[in-house]
Amino acid sequence: MKAVKFDGHGDLDVLEVRKVDDPIAEPGGVVVRVEAAAINPGDIKVIAGKSKHWGELTFPSGVGASFAGTIDAVGVGVTDWAVGDGVYGWSARKEALAELVSVPAEHLVAKPADLSWEVAGTLFGAPSAAWSAVQAVGAAPGDTIVVSAAAGGAGGFAAQFARTKGATVIGLASEHNHEWLRSRGVVPVQYGQGQLERIRDAAPGGVDAFVDTFGGGYIDLAVELGVDVDRINTIVDFAGAARLGVKTKGSGSPADPRGALAEIAAAIADGSIELPIARTYPLEQVREAYEELGKRHTRGKIVLHP
């Protein structure tokens with residue numbers, strides 16, 4: 001099969017699409033033929049050796065956690081899944097950017113028929129991180145919550161999910177994303193210089209919670225806005241979180257990953273949340289896909305098709 005591999009840390013040119021042995025279905029596991037797999041900004045730091053978010057890597061290393069596809073083989077002891085079932089889930093080994101991926105059976109959720117492969121293939125990464133972050137700040141009716149990078153893959157989901165909790169949501173984003181945010185019930189505010197004053201103008205009663213999906217000093221902004229540190233969560237700025245004592249929920253798996261994924265899929269299916277797909281690439285263009293993602297200006301998720 002074809003799979004994305006890299007032999008050591010470096011720039012994106014270390015990524016290669018190689019022919020490797022097909023994986024086997026281990027006892028208690030399955031092999032999934034991947035239809036779509038998502039990429040995430042944090043991957044770039046790991047590939048460059050600037051983050052230990054995946055832990056210590058064994059080279060050659062694979063890439064990618066979130067995927068969707070059909071079951072290709074079933075291991076001994078698996079009774080919940082059969083060949084041909086449509087599923088989505090995650091690879092703890094980070095091997096999702098491949099034609100086939102071997103995972104434990106409990107890492108999968110049944111894909112609803114009306115959920116596209118592209119959307120299903122993104123749900124474990126940024127959406128589940130955003131789901132955890134919104135839960136962590138205790139979003140509730142009557143709250144005013146600010147979300148940074150509110151039109152991105154994680155931020156766009158966080159902003160919408162907070163809205164489903166009854167909160168007023170202020171989304172920091174570039175102007176070309178403001179109309180989309182308004183269409184999702186989010187109050188758009190231009191990010192960048194002067195954003196503190198613009199947020200205060202948009203929230204005269206103050207800000208109750210802050211979800212940071214971008215980094216770059218946003219949790220300091222939250223503190224300056226008077227938000228209690230217990231109601232600030234970042235999924236990116238771990239050094240800042242340690243310095244200020246704010247939460248980092250969403251940087252790992254949710255406590256109940258399958259339950260979270262099922263709730264996310266249900267919210268998308270009933271229309272309360274939209275998860276835009278910014279662009280799709282074939283597996284062979286993995287470097288180009290990450291280059292586009294690295295610009296941090298896409299609305300929604302970037303997905304690869306093996």
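Along the sequence shown, residues are numbered consecutively beginning with 1. Below, each value reflects all heavy atoms present in this structure, side chains not excepted, and no hydrogens, waters or symmetry copies.
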What side-chain donor-acceptor pairs closer than 3.5 Å can you find for residues 196-209, not counting sequence neighbours?
from	atom 1	to	atom 2	distance (Å)
R198	NE	Q190	O	3.1
R198	NH1	Q193	O	3.0
R198	NH2	Q190	O	3.0
R198	NH2	G192	O	3.3
R198	NH2	Q193	O	2.9
R200	NH2	E224	O	3.3
D208	OD2	T144	N	2.8

Margin query: Just to verify, what does V14 make a side chain to side chain contact (heavy atoms under 4.5 Å, CB included) with, not counting sequence neighbours?
Written below: F6, I47
Checklist line | Presence of salt bridge, R287 and D13, under 4.0 angstrom | finding: no
Note to self: Taking D43 first and then K94, would you say they form a salt bridge - that is, a charged N and a carboxylate O separated by under 4.0 Å?
What the structure shows: no
Output side-chain donor-acceptor pairs under 3.5 Å for residues 155-162, partner residues at least two apart or in another chain, one line each.
from	atom 1	to	atom 2	distance (Å)
Q160	OE1	R184	NE	2.8
Q160	OE1	R184	NH2	3.3
Q160	OE1	E274	N	2.7
Q160	NE2	G156	O	3.0
Q160	NE2	E274	O	2.6

Margin query: Applying salt bridge (charged side-chain N to carboxylate O under 4.0 Å, His left out) to D85 and K111, what does each step give before you reach the verdict?
Written below: CA-CA 8 Å; D85 286 348; K111 186 185 84 68; over 6 Å; no
Item checked: Pair H107 and F67, ring centroids less than 6.0 Å apart -> no
Check: So, for M1 and A98, which heavy atoms are closest and what is the spacing to 0.1 Å?
Finding: CE-CB, 4.1 Å
Margin query: Please find the pair of heavy atoms, one from Y281 and one from E292, that lie closest to each other, and give the distance.
Written below: OH-CB, 3.4 Å
Next item on the list: List the steps, then state whether salt bridge (charged side-chain N to carboxylate O under 4.0 Å, His left out) holds for R93 with E26.
Entry: CA-CA 14 Å; R93 297 173 181 168; E26 299 172 358; 3.0 Å; yes
Checklist line | Within-4.5 Å side-chain heavy-atom neighbours: L275 and L123 | finding: yes
Item checked: Result of checking E284, E118, Q285 against H305 for side chain to side chain donor-acceptor pair (under 3.5 Å) -> E118
